[in-house]
Amino acid sequence: MIEPRILSGFRDFLPREMMQRQALMDTARRVYQSFGFAPIDTPTLEYLEILSGKGSAETDRQMYHFVDNGGRPVGMRFDLTVPLARYVAQHINEIGTPFKRYHIAPVWRGERQQRGRYREFVQCDFDTIGTRSLLADLEMILVINQLMMALGFQRFQIRINHRKLLNGLLAQKGLEQHSVGVLRAIDKLGKSGAELVLAELIQVGLPEVVAQEILQLGLYRGDSDGVLELAERAVGDHPLGREGVADLRELIGSAKAAGVPSDRLVLDISIARGLDYYTGTIVETQLLDLPSIGSVCSGGRYDNLARLYTKQDLPGVGASLGLDRLLAAMEDLGMVADRSSPTQILLAFFEPQLQWDYLRLASQLRAIGLNVEFYPEPAKLKKQLKYADQRKIPAVVLIGSQEWEQKQAAVKWLDREVQTTVPLSADGSELREYFRREFFAESVPLNLTNV
RNA sequence: GUGGGUGUAGCUCAGUUGGUUAGAGCGCCAGAUUGUGAUUCUGGAUGUCGGGGGUUCGAGUCCCCUCUCCCACCCCA
């Protein structure tokens, strides 16, 4: 016998978890579409050269790749942004710009598993391609804010930074060659102490004065305006740095004007990671109640990603929600729903001779959009109720011989511990109307075209 | 990928210096006068003690290998 098992970093999902995942994906879809992002999909496998084209040595090391049966070097996508770059390079003449798309799909990375970090995980990306307008950057922030709230989060923080800020600062002092090392060092500010970071900055090759200056910026606690003033002084008259400061100032200002609470959008020069294709704005989203899980939604502006695949100038800006990381967090925070069935109404199986009437009623209810399940055998009522209870099915319809003769149905609400009767006619109209009110009253506004 | 830790019924764990048929709580299943869950009462099932190898008269308890999950690094959703 073969032992049933799965690879490290890969997971099975039970109905309860899958229901939760789908709910999150539905929410992401709804929010993205509310801003006008359109859905797309791309293949899981791409030519290796497409995926490793932008790749650093690190992404190449993490990428799953192999030679296919036809001898072609093939890779499994490790994010959705690189395939997007290939996609727009190939189709931009059909789709036109600005192009706003979202993409919800699994990606693969050969990394060691940890909580909220898996080898197969789903990303929910949204991007705007073909415009340099800061309004697209602003929209990214608004979408993230809206999305997190729609998912049920209140206590989160969108941290924003700009690649040109630090790069400009370094360039102004002729130290731009240390950029990568500086970013890596300053990024540790949250975990390691200031002294360690300072030491690393110096070790990377910065003069102590400059290292101190950068550390000051990273450690600044207060409103974003304060950091911006500090930053403005630090970058001096270097055009790159000034651009970064100006962008940030405008973005933060307009986000506030658009209703994002000021303590939710903070300038943090220590967020510097992410794939190295970012060239402008960078954002990360932290859960204030579970910072250890890392960023659950990260993104930024990348102005020359598609350049690998086309001569056309196709700047982009967008972000990616880490569905699985977010779910791991929600589990830790006790935010997961306990439903393990989509069924809204369980129709109990009482009388074998009424079998066809039950089936007809079930489809009458389904016809108005209800999820209705008919218990597959005339088991003891106790067992059928327990079945519903364990799966958190909210309502059970009971029609035995008594009810059938009296032309009424008993409706038992398990969570409310109440039971009522509803008239039962041949077309099931009363029951349909009853459940329509119960299940759709709040979520669906009156549809006047049906009147 | 590197380093450290972990692994006992579905879940959370207990298991004395290696010694007879491995336990608890929760959960699960069944019953408590014939059509009512979640509460209560009664009864019941369940583990090759992660897997493989070794030491020993004898190992859940010691050693080695391997897998898993967790933590740190790396990197990042």
Side-chain angles (χ1 to χ4, degrees), chain A residues 1-11 14 16 24 28 55-63 77-81 103-125 144 180 183-184 187-188 191-192 271-276 278 282-287 292-300 318-329 332 338 346 348-351 354 375 378-404 410-419:
Chain A
M1 195 183 274
I2 300 168
E3 191 195 344
R5 56 187 190 142
I6 54 177
L7 263 14
S8 172
F10 291 75
R11 295 158 298 155
L14 298 179
R16 187 185 308 269
L24 289 203
S56 52
E58 186 57 33
T59 54
D60 284 357
R61 189 174 71 73
Q62 290 191 354
M63 185 163 60
R77 60 171 178 237
F78 63 90
D79 72 5
L80 299 176
T81 306
H103 191 183
I104 299 176
V107 303
W108 295 268
R109 289 182 198 175
E111 259 199 304
R112 182 154 296 189
Q113 162 163 351
Q114 273 182 54
R115 180 124 198 89
R117 306 179 60 160
Y118 311 97
R119 290 186 168 173
E120 178 179 56
F121 59 96
V122 168
Q123 292 196 322
C124 309
D125 276 35
I144 293 174
V180 174
L183 292 182
R184 193 165 299 156
D187 178 65
K188 291 177 184 159
K191 281 186 180 178
S192 318
I271 67 147
R273 293 183 297 176
L275 293 174
D276 44 6
Y278 293 125
I282 315 174
V283 297
E284 283 193 0
T285 311
Q286 295 270 333
L287 299 178
S292 63
I293 202 104
S295 172
V296 294
C297 187
S298 309
S320 177
L321 178 79
L323 183 92
D324 296 275
R325 183 170 281 192
L326 198 65
L327 256 139
D332 284 5
D338 53 359
L346 176 71
F349 194 163
F350 262 104
E351 304 291 342
L354 292 179
Y375 201 85
K380 283 184 177 175
L381 182 58
K382 180 171 183 157
K383 190 170 181 182
Q384 300 189 44
L385 285 168
K386 192 162 190 174
Y387 174 85
D389 183 50
Q390 286 172 328
R391 288 162 184 72
K392 293 289 179 283
I393 295 171
V396 180
V397 171
L398 308 164
I399 302 171
S401 48
Q402 278 179 34
E403 286 83 2
W404 184 253
V411 177
K412 185 178 176 71
W413 294 92
L414 296 192
D415 48 345
R416 294 182 227 162
E417 304 181 35
V418 294
Q419 184 166 333

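For clarity, every value in this text was computed on a predicted model and none was experimentally measured. Order of the sequence lines sets the chain letters (A, B, ...), proteins ahead of strands, with each chain counted from 1. Heavy atoms only: backbone and side chains are in, while hydrogens, waters and symmetry mates are out.
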key: Nearest heavy-atom neighbours spanning A/Tyr278 and A/Gly300   = CE2-N, 3.4 Å
Nearest non-hydrogen partners of A/Leu385 and A/Val396, listed with the distance = CD2-CG2, 4.0 Å
Taking [atom1] from [X] and [atom2] from [N], how many angstroms apart are they, rounded to a whole number?
| X | N | atom1 | atom2 | value |
| --- | --- | --- | --- | --- |
| A/Gln390 | B/C28 | CD | C1' | 8 Å |
| A/Glu417 | B/U36 | CD | C1' | 13 Å |
| A/Glu111 | B/C71 | CD | P | 13 Å |
| A/Leu346 | B/U36 | CG | C1' | 12 Å |
| A/Gln113 | B/A77 | CD | P | 17 Å |
| A/Arg112 | B/G1 | CZ | P | 6 Å |
| A/Arg416 | B/A38 | CZ | P | 20 Å |
| A/Leu14 | B/C11 | CG | P | 11 Å |

Could you give the distance separating [M] and [N] at their [atom1] atoms, to the nearest angstrom?
| N | M | atom1 | value |
| --- | --- | --- | --- |
| B/U8 | B/C73 | C1' | 31 Å |
| B/C49 | B/C62 | C1' | 16 Å |
| B/G18 | B/C63 | C1' | 13 Å |
| B/U48 | B/U12 | C1' | 23 Å |
| B/G27 | B/C11 | P | 15 Å |
| B/G47 | B/U21 | C1' | 14 Å |
| B/A45 | B/A30 | P | 15 Å |
| B/A14 | B/C74 | C1' | 38 Å |

[X] near the nucleic acid: base, sugar-phosphate alone, or nothing, with a heavy-atom cut-off under 4.0 Å?
| X | value |
| --- | --- |
| A/Glu403 | base |
| A/Gln402 | base |
| A/Gly110 | nothing |
| A/Lys392 | nothing |
| A/Gly9 | sugar-phosphate |
| A/Arg184 | sugar-phosphate |

Presence of A/Ser401 side-chain N/O under 4.0 Å of B/G35 phosphate oxygens OP1/OP2 = no
task = Output yes if the stacking criterion (under 5.5 Å between centres, under 30° between planes) is met for A/Phe121 over the base of B/A77, else no.
result =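 So A/Phe121 counts as stacking on the base.
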message = Could you check whether atom CZ of A/Arg416 has more than 12 heavy atoms from other residues, nucleotides or ligands sitting under 6.0 Å from it?
response =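 Result for CZ/A/Arg416: enclosed.
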inquiry  = Both A/Arg5 and A/Leu414 contact RNA chain B. Taking the nearest nucleotide for each, which residue is further toward the 5' end?
reply    = A/Leu414
inquiry  = Here's a test of your reading of the structure: between A/Cys297 and A/Leu398, which maps to the more 5' nucleotide of RNA chain B?
reply    =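 Its nucleotide being nearer the 5' end, the pick is A/Leu398.
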Tell me if a side-chain donor or acceptor on [X] pairs with a main-chain N or O of [Y] at a distance below 3.5 Å.
| X | Y | answer |
| --- | --- | --- |
| A/Arg119 | A/Glu111 | yes |
| A/Ser295 | A/Thr285 | yes |
| A/Arg325 | A/Cys297 | no |

Which distance, rounded to the nearest 0.5 Å, do you find between the [atom1] of [X] and the [atom2] of [Y]?
| X | Y | atom1 | atom2 | answer |
| --- | --- | --- | --- | --- |
| A/Gln123 | A/His103 | CD | NE2 | 10.0 Å |
| A/Gln419 | A/Leu414 | CD | CG | 9.5 Å |
| A/Leu24 | A/Asp324 | CG | CG | 9.5 Å |

inquiry  = So if I apply the side chain to side chain contact (heavy atoms under 4.5 Å, CB included) rule between A/Lys386 and each of A/Gln384, A/Lys383, A/Lys382, A/Gln390, which one comes out positive?
reply    =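 Among A/Gln384, A/Lys383, A/Lys382, A/Gln390, the one meeting side chain to side chain contact (heavy atoms under 4.5 Å, CB included) with A/Lys386 is A/Gln390.
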task = With the side chain counted from C-beta on, respond yes when A/Arg11 and A/Tyr118 share a heavy-atom pair under 4.5 Å apart, and no when they do not.
result = yes
key: Sub-4.5 Å side-chain heavy-atom contact between A/Phe10 and A/Gln113   = no
Taking the side chain of [X] as its heavy atoms from C-beta onward, which of [options] lies nearest to it?
| X | options | answer |
| --- | --- | --- |
| A/Lys380 | B/G31, B/G1, B/A77 | B/G31 |
| A/Lys412 | B/C74, B/U36, B/U68 | B/U36 |
| A/Gln123 | B/A72, B/U36, B/A77 | B/A77 |

message = Let's test your reading of the model: under 3.5 Å, does the base of B/C69 pair with the side chain of A/Arg115 as donor and acceptor?
response = no
message = I need the residues from residues 381-389 of chain A with at least one non-hydrogen atom less than 4.0 Å from RNA chain B; give them sorted by number, or say none.
response = A/Leu381, A/Lys382, A/Leu385, A/Lys386, A/Asp389
inquiry  = Both atom distances under 3.5 Å, Watson-Crick or G-U wobble: I'd like the secondary structure of RNA chain B as a dot-bracket string, with | for pairs made across strands.
reply    = (((((.(..((((.....[...)))).(((((.......))))).....(((((..]....)))))).)))))....
